[in-house]
Engineer: 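Structure provided below as structure tokens; questions to follow.
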Amino acid sequence: MAVKGRMQVKIQRDNGKVVMYLIGNLDGSGACQVERALERLQGLPGNCELIFDLRGVRTFEYFGVALLANSMKRQKHNFEQVSLIGLQISMENVFRQFGLESTLKH
């Protein structure tokens with residue numbers, strides 16, 4: 001069982017890119033924190049690229065992954081490109097099942 005802890009979301013904006021650094025445990029609560037952070041990004045120019053950096057995620061719970069995947073899909077309307085980096089190889093298939101294969105970067 002994953003150790004519960006608050007997800008930290010750090011946002012960096014630079015040259016048409018918005019990078020969300022996720023640090024902690026991606027459970028339901030952590031995914032909700034990411035969703036709230038995404039709400040604060042509404043209104044940015046549509047030509048920005050949104051990148052989720054998952055290198056700091058210690059544990060992945062499937063419910064949190066499902067919530068994050070749905071949030072990512074919704075952001076495709078607000079950003080030119082949405083992608084994620086730093087995903088553990090073991091979790092790539094899970095994200096693919098949510099139709100996010102084209103967003104995976106290494």
Engineer: Looking only at non-hydrogen atoms, find the nearest pair between A31 and G64 and report the distance.
Structural biologist: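 Minimum heavy-atom separation between A31 and G64: CB-O, 3.5 Å.
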Engineer: Which value, rounded to the nearest 0.5 Å, describes the distance between I51 atom CD1 and Q81 atom CD?
Structural biologist: 7.5 Å
Engineer: Might you point out which heavy atoms bring E49 and S83 nearest each other, and give the distance in Å?
Structural biologist: OE2-OG, 3.6 Å
Engineer: How close do L38 and Q42 get, counting heavy atoms only, and between which atoms?
Structural biologist: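 Heavy atoms only, the tightest pair is O-NE2, 3.3 Å.
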Engineer: Rounded to the nearest 0.5 Å, what separation is found between the CG atom of D53 and the CG atom of L22?
Structural biologist: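 Separation between the atoms: 7.5 Å.
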Engineer: Hey, what do you get for CG (D14) to NZ (K17), rounding to the nearest 0.5 Å?
Structural biologist: 8.5 Å
Engineer: Residues two or more places apart in sequence or in another chain: which of them pass side chain to side chain contact (heavy atoms under 4.5 Å, CB included) with Q12?
Structural biologist: Y21
Engineer: Indicate if V94 and L87 have the same hydrophobic cluster label, given that clusters are the connected sets of ILVMFWY residues with side-chain heavy-atom separations under 4.5 angstrom.
Structural biologist: yes
Engineer: Give a yes or no on this: more than 12 heavy atoms of other residues, nucleotides or ligands lie within 6.0 Å of atom CZ of R13.
Structural biologist: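 Result for CZ/R13: open.
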Engineer: Hey, any chance L84 and L41 share a hydrophobic cluster, counting ILVMFWY side chains that come within less than 4.5 Å of each other, even indirectly?
Structural biologist: yes
Engineer: Can you confirm whether K10 is buried at NZ, in the sense that more than 12 heavy atoms of other residues, nucleotides or ligands lie under 6.0 Å from that atom?
Structural biologist: no
Engineer: To the nearest 0.5 angstrom, please state how far the CZ atom of R6 sits from the CG atom of D27.
Structural biologist: 11.0 Å
Engineer: Please tell me if the side chains of L68 and F98 come closer than 4.5 Å, counting only heavy atoms from C-beta onward.
Structural biologist: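 No - every pair of side-chain heavy atoms lies 4.5 Å or more apart.
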Engineer: Atom CG in L67, atom CG in L26: separation rounded to 0.5 Å?
Structural biologist: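 Nearest 0.5 Å value for the CG-CG distance: 8.5 Å.
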Engineer: Identify whether I23 and M91 are in the same connected component of the hydrophobic contact network (ILVMFWY, side-chain heavy atoms under 4.5 Å).
Structural biologist: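 Result: no, two separate clusters.
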Engineer: As an exercise, state the distance from CD of Q75 to CZ of F52, rounded to the nearest 0.5 Å.
Structural biologist: 6.0 Å
Engineer: Which pair of non-hydrogen atoms, one from G28 and one from F63, has the smallest distance, and what is that distance?
Structural biologist: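 Looks like CA-CD2, 3.6 Å.
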Engineer: Tell me, please, which residues at least two apart from A37 pass side chain to side chain contact (heavy atoms under 4.5 Å, CB included).
Structural biologist: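 Testing A37 for side chain to side chain contact (heavy atoms under 4.5 Å, CB included), a comparison that skips the adjacent residues, returns V9, I11, M20, R40.
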